[in-house]
Student: 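Quick one: this structure, given as structure tokens, is what I'll be asking you about.
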There are 2 protein chains.
Amino acid sequence: MTEKAGTMNATAADRGREARRRLLEAAAELIAERGWAAVSTRMLAERAGVAPGVVHYHFSSVQALLTEAALAVMHDLVEQAGAGMERAHMPGEALGLMIDFLTAYDGRDPVSLLFAETYLAAGRDEDLRRSLGEVVTDFRRALAGRLAEHQVPAPDATAAVLAAAIDGIMLHRALGPGPDATDLTAVLRRLVAPTEPGPPATEQGDTP
Amino acid sequence: MTEKAGTMNATAADRGREARRRLLEAAAELIAERGWAAVSTRMLAERAGVAPGVVHYHFSSVQALLTEAALAVMHDLVEQAGAGMERAHMPGEALGLMIDFLTAYDGRDPVSLLFAETYLAAGRDEDLRRSLGEVVTDFRRALAGRLAEHQVPAPDATAAVLAAAIDGIMLHRALGPGPDATDLTAVLRRLVAPTEPGPPATEQGDTP
DNA sequence: GATCGTATTGGACGATTGCCCAAACTAGCA
DNA sequence: TGCTAGTTTGGGCAATCGTCCAATACGATC
């Protein structure tokens with residue numbers, strides 16, 4: 001067993017974990033390149049530089065491999081984004097972070113495509129949907145908490161719209177140029193501006 | 001030839017067009033249900049109630065069938081949305097139309113899924129990407145024109161963000177409940193309100 | 001009747017799919 | 001030098017894939 005590490009399985013177990021890691025890496029790449037449903041066992045093996053049989057040795061199925069790989073990438077990114085927001089001290093900064101995302105991920109990069117592919121795959125896989133839902137909820141909660149500190153009204157709904165807008169913009173940008181990122185920034189700023197012209201920044205009830 | 005219509009090909013050609021139409025219909029359904037890459041020739045034939053060979057008689061390839069079906073649905077929807085905005089006379093109404101979309105398409109319905117699947121498939125098919133880009137651009141242009149009439153600043157960027165937010169919200173809602181639609185509406189209203197984000201009811205120019 | 005054009009049928013084709021497995025390999029330990 | 005446990009190998013398996021095509025059906029025209 002691996003729990004008895006240190007005895008005899010030094011290089012063997014290490015090589016095994018390395019192969020597993022490379023398979024996860026290859027899966028993340030191929031999901032973005034070919035699409036979730038088009039990733040095959042042999043494709044993964046070739047990209048990872050292992051024999052085809054290794055895939056089903058380390059993972060119960062191709063679906064399981066794809067799921068674990070996608071969730072790992074997304075979890076890492078959300079955690080990284082959360083840490084970034086932790087350092088933001090002004091609402092403009094928090095939004096600036098969003099803008100950084102917009103410039104870093106243009107909708108056709110591997111990360112954006114992995115996100116979108118996983119969203120869709122989640123609609124056809126119960127376990128994946130639940131796990132992915134947690135990731136998105138975590139991100140929204142972190143963002144909403146940050147917005148609330150900066151007196152942005154309706155922080156929950158604002159965070160949801162902001163997160164959705166980011167994803168949607170990435171999706172649309174994959175299709176063509178569209179408006180400039182700085183122009184989009186100015187528009188998004190309307191969402192997080194606690195007070196612009198006259199009214200105070202207090203939490204005003206949105207109930208009519 | 002078909003240009004000599006009225007001669008002999010009355011019922012034969014009609015049955016052919018009916019089969020073609022049903023194949024397009026089946027394609028739109030199956031893209032949403034199974035995902036773009038998972039739709040197969042025999043699947044399409046069975047759903048449309050025709051023999052497998054008919055697929056490649058009416059279409060040059062499965063890809064071509066999927067592309068034509070997806071573009072037809074999206075083009076229809078955009079046209080319908082454009083007509084709806086044509087009837088809107090107030091910015092609140094135009095936004096209300098967006099909200100109707102949010103309630104009608106919850107991110108897991110066939111139309112939403114078809115949109116998302118087509119977005120991703122476009123990233124791997126040059127022709128599809130170009131055609132889809134035109135559809136999205138048309139929609140954004142119509143929306144921007146409407147926003148400009150209502151003195152919304154930066155109408156182009158606003159339209160882009162608004163359209164992206166709609167798509168993103170649908171995408172996120174597929175994963176779980178999230179905030180209520182009416183709460184999201186209130187937040188989206190900040191985007192199109194040139195004056196204040198508060199009371200919607202009538203269009204009162206408070207502080208420009 | 002014969003002839004023609006279009007639409008349909010059902011299967012053949014090679015390629016590829018996910019998954020499986022007996023055998024070979026690699027080390028640490030006695 | 002066995003022994004054992006974890007890993008890798010390479011191919012086999014049945015199923016499905018997209019595409020193609022000869023044969024057939026059928027109504028319109030002669």
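These figures come from a predicted structure and were not determined experimentally. Below, read A as the first sequence line, B as the second, and so on, with proteins coming before strands; counting in each chain starts at 1.
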Student: For C:dT8, does OP1 or OP2 lie under 4.0 Å from any side-chain N or O of B:H58?
Tutor: yes

Student: Check the distance between D:dG27's P and B:E18's CD and give it to me in whole angstrom.
Tutor: 17 Å

Student: Just how far, in rounded Å, is C1' of D:dT16 from CG of B:L44?
Tutor: 14 Å

Student: Are OP1 or OP2 of D:dC17 and a side-chain N or O of B:T41 less than 4.0 angstrom apart?
Tutor: no

Student: A:F59 has an atom CZ; how far is it from atom P of D:dT7, in whole Å?
Tutor: 12 Å

Student: Just wondering, more than 12 heavy atoms not from A:H56 lying within 6.0 Å of its NE2?
Tutor: yes

Student: Evaluate the side-chain proximity of B:L132 to B:T118: yes if any heavy-atom separation is below 4.5 Å, no if none is.
Tutor: yes

Student: Is there a side-chain contact between B:Y57 and the phosphate of C:dT8, meaning an N or O under 4.0 Å from OP1 or OP2?
Tutor: no

Student: Closer to the 5' end of DNA chain D via nearest nucleotide, is it B:S61 or A:V54?
Tutor: A:V54

Student: Under 4.0 Å between a side-chain N/O of B:H56 and OP1 or OP2 of D:dC20, yes or no?
Tutor: no

Student: Rounded to the nearest Å, what distance is computed from the CG atom of residue B:L65 to the C1' atom of nucleotide D:dG18?
Tutor: 13 Å

Student: What is the distance from CG of A:L66 to P of C:dT17, rounded to the nearest Å?
Tutor: 13 Å

Student: Does the pair A:R146/A:E149 count as a salt bridge with the N-to-O cut at 4.0 Å?
Tutor: yes

Student: Salt bridge or not between A:E25 and A:R21? Use side-chain N to carboxylate O under 4.0 Å.
Tutor: yes

Student: Nearest whole Å is fine: how far is D:dT7 C1' from A:R22 CZ?
Tutor: 14 Å

Student: Could you tell me whether the side chains of B:T158 and A:R190 share a donor-acceptor contact shorter than 3.5 Å?
Tutor: yes

Student: Base, sugar-phosphate, or nothing: which does B:V62 touch, judged by heavy atoms less than 4.0 Å apart?
Tutor: sugar-phosphate

Student: Take atom CG of A:L30 and atom C1' of C:dT17, then tell me their distance rounded to the nearest Å.
Tutor: 15 Å

Student: To the nearest Å, how far apart are B:E46 CD and C:dG10 C1'?
Tutor: 15 Å

Student: Quick one: is B:S40 getting a side-chain N or O under 4.0 Å of the D:dC17 phosphate, OP1 or OP2?
Tutor: yes

Student: Is there a donor N/O on one and an acceptor N/O on the other, under 3.5 Å, for the side chain of B:R42 and the base of D:dG18?
Tutor: yes

